[in-house]
Amino acid sequence: MKIDEQKTFTKPPQSYWMASTPLTTYPTLGEDLKVDVAIIGGGITGISCAYMLNKEGVTTAIIEADRILNGTTGHTTAKITSQHGLIYSKIKNQMSDELARQYAEANESAIRLIENIANDLQIKCDYIPQSAYIYTLQNEYINKISDEAMVASSLGIKSTFLEETPLPFPVKAAVRFDNQAQFHPLQFLLPLANDYINKGGKIFEQSRVVDIEEEGSYIIITKQGKKVTAEKLIIASHYPCYNKPGLYFTRIYPERSYVVAIKARENYPGGMYIAAEESGHSLRNQMSDNGELILVGGEQHKTGQGEDTSKNYEALIDFSNQTFTVEDIPYRWSTQDCMTLDGLPFVGHFTSNTPNMYIATGYGKWGMTNSIASATILKDLIITGKSPWQDVYNPSRLTISASAKNFVVQNINVADQLIKGKLSSLPEHVELKTGEGEIIESNSQRAGAYKDEQGKLHVVDTTCTHMGCELNWNSAEKSWDCPCHGSRFSTDGDIIEGPAVKPLDFHKDVNTIEKLIKEPY
Ligand code: FES
């Protein structure tokens, strides 16, 4: 297959995990309900935490806006590893040995817990022990990687500094963590959700939460107007769908990254890899019914920012061709991650003044072990009032100087995006091919126009319903994405990702917009 054929995408993106498992059909919340703990969000965190609480005799309900496991969990690379970039030297140098130890223990325990649950419930999920590697192609990272190997070893992780890896290209340095693993996340989580339901748990899909009231208990209100009343509330909706206290939108920024699943002439050499450099190139394999797939990931950028997003898939295809003989690319997908200012998740009490409201977010691309660690922390906080790892994950931790600087940088970036969106001049005529979207101006009002494969025009008002930033076109996924806090909307304005809870308005003046769109030559 020639490279330009590889880059001619004829099918929409789809993750291998979702393509190889059935769609769920849990009901919408149809009547009011009372439980001990309500959990907003049916990703890996919500499901595993509900499973753990249910085992403790706590009544729970998972309330999911879309279908469970359809968000970041369904679009991960699914590496089960405590190796999260060069995190341990960073925590040790910027915080303390003790917090680095807590983070290592939480994530190493999560690896073992996934294995134990899979064994206990006899779940077949392609769980395979693997080593995890961070490698570099640049001299400037050699000392950092060497430090990481030493710090990780001092924390009890089996880590080794290397000058070569099994990869088919030379590296300047690498660190290997042993006793890590990979799996098929949906083959693990769908049976886990099933087990939870069989033991009395409740899952409601397509029940987007639009408001939360506090009247002694929490009252969670869905878009259908139904209510869940709960003594305790966990917000595990990825980007928090509730912001009144906590100001999470000033402390979290969303990034998108990309995966291509290739079939190669060569066999994969084994192991899970990530580059220390900016590209964040990542590799692992996965057996499928049609043989071995190699998952090549990376090319992250802030959501709604940057140039033509299709170029990110193209860059991964170029990297794949430099590394292997690519014969086919049966799947490609992208995902969104919540990044925090200091690189550590927020897991625990939503604020120091909300003893019964909890949050889990900000896994920074390392959601497989952080989610299981988070579920364990939240279960422990709810059952016993404390967790051995609560300090390093504490959402109210004191801001350290490096993250204070990042706070300024990120929030200036949001303000810039808000102003830029309002002031940028727009064309009054655009050419639009089928499958393309463009922002256009009509009567001083911005409109987002998308022409579908049948030539039908879909026009939405591109002002984000969260806090009013102007959306940008995402050509790779055919969506309207917000550059401020990462809400994403379909071409008809439906919410794909929060924090927005209201869909986009239709543009009132479609006829005028139609006249402003020229057929391409
Ligand atoms: Fe906050 Fe769009 S997501 S303004």
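Note that ligands are numbered from 1 as they come in the structure, with each ligand's atoms numbered from 1 the same way. All of these numbers come straight from a predicted model, not from anything done at the bench. Reckoned from all heavy atoms, side chains included, excluding hydrogens, waters and symmetry mates. The chain is numbered in sequence order, starting from 1.
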Trainee: Partners of D337 by salt bridge (charged side-chain N to carboxylate O under 4.0 Å, His left out), sequence neighbours excluded?
Mentor: none
Trainee: Would C464 and C469 count as a disulfide pair, i.e. SG atoms separated by less than 2.5 Å?
Mentor: no
Trainee: Scan Y258, F319, Y273 and name whichever one has a ring-ring contact (aromatic ring centres under 6.0 Å, His included) with H281.
Mentor: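 Among the candidates, only F319 passes.
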Trainee: Around atom 1 (Fe) of ligand 1, how many protein N, O or S atoms are closer than 2.8 Å?
Mentor: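 Protein heteroatoms (N, O, S) closer than 2.8 Å to atom 1 (Fe) of ligand 1 number 2.
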Trainee: Any chance the rings of Y450 and W473 have centres within less than 6.0 Å?
Mentor: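 Here the rings of W473 and Y450 have centres that are less than 6.0 Å from each other.
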Trainee: I'd like to know if the side chain of T309 and the backbone of S475 have a donor-acceptor N/O pair within less than 3.5 Å.
Mentor: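 Flag set: sc T309 to bb S475 pair under 3.5 Å.
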Trainee: Going by an N to O cut-off under 4.0 Å, is there a salt bridge joining K365 and E255?
Mentor: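 Salt bridge present between K365 and E255.
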